[in-house]
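First the structure, in the form of structure tokens, and then the observations on it.
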Amino acid sequence: MDTERFSALVKVFEDAMTAVSQPDNDFSWSGWEGRNDALAEMGAELRVGSMPDRLQIAVLFAPTGPLQELSMSSGWARAFLELADRFDRELIRLDS
């Protein structure tokens with residue numbers, strides 16, 4: 001595994017987790033019980049040195065996935081779209 005490329009994907013997750021940690025987020029439509037539930041799920045996908053299951057991580061960033069639902073109900077939908085674009089780019093880079 002290319003550690004530089006994997007690190008870039010981890011950075012996307014870290015940035016997403018920062019957004020999830022915002023105090024006024026509304027988790028009603030996300031499927032998560034709250035901030036701790038979301039962070040636990042996202043953190044579990046980032047075991048250092050191993051690539052998470054692609055389907056599991058893709059679902060997090062998918063249209064109408066939990067991150068998009070959270071972003072829309074919490075006022076950071078545009079930031080989510082930027083994160084999702086970065087996620088897609090970094091996932092493709094891992095394959096190249």
Side-chain angles (χ1 to χ4, degrees):
M1 174 184 312
D2 183 327
T3 56
E4 181 181 326
R5 291 179 183 175
F6 184 70
S7 294
L9 184 63
V10 168
K11 177 66 174 134
V12 174
F13 264 83
E14 289 171 345
D15 292 347
M17 292 171 78
T18 297
V20 167
S21 296
Q22 294 179 41
D24 294 330
N25 278 335
D26 176 1
F27 288 85
S28 300
W29 295 97
S30 70
W32 287 315
E33 293 295 318
R35 176 182 305 118
N36 292 339
D37 187 32
L39 293 173
E41 181 178 344
M42 294 177 74
E45 297 298 338
L46 292 180
R47 290 179 184 80
V48 176
S50 64
M51 178 64 188
D53 180 85
R54 284 179 185 254
L55 180 58
Q56 294 283 59
I57 61 174
V59 166
L60 293 173
F61 288 89
T64 71
L67 281 171
Q68 184 178 36
E69 294 294 340
L70 175 61
S71 73
M72 290 173 57
S73 63
S74 301
W76 48 275
R78 183 169 298 218
F80 164 76
L81 293 175
E82 293 171 10
L83 284 168
D85 285 344
R86 285 177 49 210
F87 171 80
D88 291 341
R89 279 194 311 272
E90 296 308 331
L91 206 54
I92 289 168
R93 282 185 64 210
L94 281 174
D95 290 335
S96 61

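Panel note: side chain Ser30, backbone Trp32; a donor-acceptor pair is recorded below 3.5 Å. Panel note: side chain Glu90, backbone Arg86; no donor-acceptor pair is recorded below 3.5 Å.
Tracing side-chain contacts under 4.5 Å through hydrophobic residues (I, L, V, M, F, W, Y), one never reaches Trp29 starting from Met42; they form parts of separate clusters. No continuous path of hydrophobic side-chain contacts links Val12 to Val59 [ILVMFWY only; heavy atoms under 4.5 Å].
A salt bridge links Asp15 to Lys11: at least one charged side-chain nitrogen sits closer than 4.0 Å to a carboxylate oxygen. With respect to the salt-bridge test (charged N to carboxylate O, under 4.0 angstrom), the residues Asp88 and Arg93 do not qualify.
Residues that satisfy the ring pair (Phe, Tyr, Trp, His ring centres under 6.0 Å) test with Phe80, not counting sequence neighbours, are absent from this structure. In this structure, the ring pair (Phe, Tyr, Trp, His ring centres under 6.0 Å) partners of Phe61, at least two apart in sequence or on a different chain, are Phe13, Phe87.
At least one side-chain heavy atom of Arg54 sits under 4.5 Å from a side-chain heavy atom of Asp95. Ser74 has its side chain out of reach of Asp24: every pair of non-hydrogen atoms, C-beta onward, lies at least 4.5 Å apart.
Note: Ser28 OG to Glu69 CD = 10.5 Å, rounded to the nearest 0.5 Å. If you take CZ on Arg35 and CZ on Phe27, they are separated by 6.0 Å, rounding to the nearest 0.5 Å. Atom CG of Leu9 sits about 11.5 Å away from atom CD1 of Ile92, to the nearest 0.5 Å. Taking CG of Leu60 as the reference point, atom CG of Leu70 lies at 11.5 Å (rounded to 0.5 Å). To the nearest 0.5 angstrom, Gln22 atom CD is 14.0 Å from Met17 atom CE.
Here the closest non-hydrogen pair linking Leu67 and Val20 is CD2-CG2, 3.5 Å. Closest approach of Asp37 and Gly31 over heavy atoms only: OD2-O, 4.4 Å. Looking at every heavy atom in both residues, Asp26 comes nearest to Ser73 through O-OG, 2.7 Å.
No more than 12 heavy atoms of other residues, nucleotides or ligands lie within 6.0 Å of CE in Met72, so this atom counts as exposed by the packing criterion.
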